[in-house]
Amino acid sequence: MDKYIPSKIEPKWQRWWERVGLYRTMEPTAEKPKLYCLGMFPYPSGAGLHVGHVRIYTASDVLARFFRARGYTVLHPMGWDAFGLPAENDAIRNRQNPSDRVSGNIKNFKRQMKMLGLSYDWSREFATCDPSYYRWTQWLFLKLYEKGLVYQAEIPINWCPSCRTGLADEEAVGGKCDRCGAAVTKKDMKQWLLRITSYADRLLYDLDDSSLDWPPGIVKMQKDWIGRSEGVEINFAVLGSERETINVFTTRADTIFGVTALVLAPEHPIVAALLNSKLQVPDSRKEEVKKYVENSRRKSDLERTELAKQKSGVFTGCFAVNPINSEKIPVWVGDYVIGAYGGGAVMVVPAHDQRDYDFARRHNLEIRQVVKGGNVQESAYEGRGILINSGEFSGLESGKAIEAIADWLEKRGLGRRAVSYKMRDWVFSRQRYWGEPFPLIHCERCGVVPVPYEDLPVKLPYLKSYEPTGTGESPLAAVEEWVNVKCPRCGRPAGRETDTMPNWAGSCWYFLRFADPGNSKLPFSKDSMAKWLPVDWYLGGAEHAVLHLLYARFWVKVFYDLGLLSFKEPFVRLRGVGIVLAEDGRKMSKSWHNVVNPDDVVRDYGADALRLYEMFMGPWGQVIPWSTRGVAGCARFLNKVWDLVTEACSNEAREVVEADERIRLMHRTIKKVTKDIENFSFNTAIAALMEWVNRVKSGKSRIKNSCQGALSREEARTLLKLLSPFAPYITEELWQKINAFNQNDFEKEKSIHLVPWPQYDLKLATTKKVTIVVQVNGKLRDKMELERGSTKEEVEKLARHSARLKKYLERKEIKRVIFVPDKLVNFVTS
RNA sequence: GCCGAGGUGGCGGAAUUGGUAGACGCGCGAGACUUAAAAUCUCGUGGUGGCAGCACCGUAAGGGUUCGAUUCCCUUCCUCGGCACCA
């Protein structure tokens, strides 16, 4: 008998499957509807595939194989997120030009994916840095540009001094660069931005679409990120100025009579007006404000938030007028106020906002209570309540007061109801080499001119010197022969935009391109969209909750508005994977020397064992430490399967066995595995298969006649098929053997992976007998093996005669008998 | 601080319209095979007590509802993840 040696069979099947085109995408039909199953494509780093990748891609492969067997036409593609900061940093670290580095990494990733037996249709592969792909990224960008969703602004942006580039808010995690961990500082730079905020409401409300099946946690994160709040914008006139007002956003207009100061962010235009003397204030004040502003601008976001525990600030010397009662209010500047939110100014109501309270205590501002409740001598009262000291509004409840005050202000043009979002517009430029060039040209006469569609792509030149300059300009700016072009509109000398797009640009729409990867006329045809989109199953890491997943939704909504797409949400079902930790429970990291390399695992145990383990290690969404012994356990199980199935085919006599319980066990297992895969409970699906094998092997399945300890051929076929999504190699090998197919001439039709999924008979998917639990006062005292469907009378009678129960029921009065059919009987005594 | 998820053997975990707690795997113990070891196979494996039949305890802690609670409710503690001056 042959032994199970993974390295002997796995490469063989890889070659056969590729040769016969087993995973080539078919055309969907009415009988075989489409199903689009996608794992988030990776950025191909130099480290190769991580076992965390393996978890995602194995799950998507299990789904793809499962749904193919269930009669769907499956689209299951793979590609490379190869542009952008991560790829470029990896290249710089390894002193290799990004384009060379990336192609080497892709080759390695692809080798590893093939090794794992992932059933991708490689004919649809592309990388975001391929000119034939980014041509269309640029094309789509121009569509956004034409729609007015792209604009340039001189704004203080997140600046990573280490990567020497601007970052999006989403990339400045906790004040640190998402990629390198350096503290992010602010820098004023002219940037391209995408007007994602104009889609804020739709990005928010469409999350509640009932057809969207997303993890609630990710939905919540996106909602919080968008951060919609309703309130009132109140205009405070600046004293000593004709036109200037300070507009303040507040959700608590009911506290307006409690305002004892205004605080401006250092970035606020009024502060600038003060400093350049457009507004008159005493020179001493001006000096102090200047110092303060300069100081806070030098701070990184991190420092600003840390130091903010004690709320610093200086009085500007300037006053404003409270529109509700014409009171004179001092204007301060303080860096706890965020420049980009709600106009960059707040009204300070110390009695009813803890931050304002802290600020007021520190700077000796008046604390004036205007809502009943709490003890404002000790801390702010932030709850709602009845208004006091509020003129004509006194006596109103907060909610009503907000409406009344909003009406009052609106009527007089002193304010208006407003909505504010935490989400900002998306900083879309990077001062780096490795990204899609903007298809824009700066002409002195015509301004910004888009590159004509027929001139796309604007190719990224191959540069010897590609490292970031740190001047705030991309390395491309130094390449004169690339920068200098003629203006497409007037023909005069002009220059290309030299910033590049962030890596999110390519990943915003790659899932669309997979449906139509070869299209040279359009990014994607309408036909292909109707055929394959939206994505039915999208699997990936939860770390993309507010990055890729939000950006991709934004672009899809824009394309919908442009008539390019007929759906509004790209990903119907989303499933986030849990991180795979190292064996020591820490994160896998090169510096800890605890990284598990899939190549080593495959070498030692085979790809099937690795795949099986990754699906078996625990619930899919959960963080779980790696266990090499766990892999070994899965390899042992595969060995058992190998032996059992090999034995089954050499023993024809067992074919005829019709042991009822064994057939029932098989049907139960089919049902369990089917349901579990649908519910993403891969671990319990595999456990059910192991249990089946164990019970067959140990002959515990209550059969008397024969076949004890061995599989019938029908059982063997079913077992192989149920196992095939998880372990495609060994099941294919055994399938060929058990059917005595000629292995020297493999035919596509003979593959186990094209065999339909086993059906289960609901009537057979139960046991014939059931264990009925006998309790006294809820405590387990006995068990009985009875026919399913026994009546209360039968069960009770049998239970009363149980010898074990005797001592518990003696001299006791039975007050109640609780009976749950096929489950339990419980005697309640006094 | 706020929000979300969670807390079950030595470990990863299973079981919840309330009904046998610990499936499956790892580890561990014993045995078989072997000169021996590894591998493999068989049996055992929540804790305490008992030769045993068995009894009691046990799902973070405390309380409640119930014939019966890992599951439902309240209080407290802890872990992980996200957000973090958003006015």
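Side chains are part of it too, since the values below use all heavy atoms of this structure and drop only hydrogens, waters and symmetry mates.
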Among residues at least two apart in sequence or on other chains, which ones pass ring pair (Phe, Tyr, Trp, His ring centres under 6.0 Å) with A/Tyr199? A/Phe554
So what does A/Ser420 hit on the nucleic acid, given a heavy-atom distance under 4.0 Å: a base, only sugar-phosphate, or nothing? nothing
Results of ring pair (Phe, Tyr, Trp, His ring centres under 6.0 Å) for A/Trp626 - residues two or more places apart only: A/Tyr613
Partners passing salt bridge (charged side-chain N to carboxylate O under 4.0 Å, His left out) against A/Arg228 (at least two apart in sequence or in another chain): A/Asp201, A/Glu230
Which is true for A/Ile338 with a 4.0 Å heavy-atom rule: it touches a base, it touches only sugar-phosphate, or it touches nothing? base
For the C1' atoms, the ones on B/rC11 and on B/rG49, what distance do you get once it is rounded to whole angstrom? 27 Å
Roughly how many Å apart are B/rU79 and B/rA84, using the P atom of each and rounding to a whole number? 22 Å
Between B/rG12 and A/Gln622, is there an OP1 or OP2 to side-chain N/O distance shorter than 4.0 Å? no
So, is A/Tyr613 near the phosphate of B/rG25, with a side-chain N or O under 4.0 Å from OP1 or OP2? no
For A/Phe726, give me all partners under ring pair (Phe, Tyr, Trp, His ring centres under 6.0 Å), at least two apart in sequence or on another chain. none
Does a side-chain N or O from A/Arg636 land closer than 4.0 Å to OP1 or OP2 of B/rC41, or not? no
Tell me, please, which residues at least two apart from A/Pro350 pass side chain to side chain contact (heavy atoms under 4.5 Å, CB included). A/Thr260, A/Val348, A/Ala360, A/Ile367
Mind checking what makes side chain to side chain contact (heavy atoms under 4.5 Å, CB included) contact with A/Asn295, not counting sequence neighbours? A/Arg298
Treat primed atoms plus P, OP1 and OP2 as sugar-phosphate and everything else as base, then score nucleotides 64-72 of chain B 5' to 3': B for base contact with protein heavy atoms under 4.0 Å, S for sugar-phosphate contact only, - for none. ---BS----
Does A/Lys8 NZ have over 12 foreign heavy atoms under 6.0 Å away? no
In whole angstrom, give me the gap between the C1' atoms of B/rU35 and B/rG22. 42 Å
Treating primed atoms plus P, OP1 and OP2 as sugar-phosphate and everything else as base, which nucleotides of nucleotides 4-10 of chain B get B, S or - for protein heavy atoms under 4.0 Å? -------
Mind checking A/Gly342 for me? I need base, sugar-phosphate or nothing, with any heavy atom below 4.0 Å counting as a touch. nothing
Syn within 90° of 0, anti beyond: B/rG9 is syn
Is A/Gln354 touching bases, backbone alone, or none of the nucleic acid, heavy atoms closer than 4.0 Å? nothing
Tell me, with the steps shown, if A/Asp208 and A/Lys223 meet salt bridge (charged side-chain N to carboxylate O under 4.0 Å, His left out). CA-CA 10 Å; A/Asp208 292 327; A/Lys223 286 186 175 177; 2.7 Å; yes
Which residue pairs pass the side chain to side chain donor-acceptor pair (under 3.5 Å) test with at least one member in residues 680-693 of chain A, sequence neighbours excluded? A/Asp676-A/Thr684
Please identify each residue that fulfils ring pair (Phe, Tyr, Trp, His ring centres under 6.0 Å) with A/His363, with sequence neighbours left out. A/Trp332, A/Phe359
Could you tell me whether the phosphate oxygens of B/rA55, OP1 or OP2, come under 4.0 Å of any side-chain nitrogen or oxygen in A/Arg781? yes
Phosphate contact (B/rA23 OP1 or OP2) by A/Asn683 side-chain N/O below 4.0 Å: no
Pair A/Arg664, A/Thr767: side-chain N/O donor-acceptor within cut-off below 3.5 Å: no
Considering residues at least two apart in sequence or located in another chain, which fulfil the salt bridge (charged side-chain N to carboxylate O under 4.0 Å, His left out) criterion with A/Lys220? A/Asp224
Between B/rC33 and B/rU40, how far apart are the two C1' atoms, rounded to whole Å? 9 Å
RNA chain B stem ranges, 3 or more consecutive Watson-Crick or G-U pairs under 3.5 angstrom: B:1-7 with B:77-83, B:10-12 with B:24-26, B:27-32 with B:40-45, B:46-49 with B:54-57, B:60-64 with B:72-76
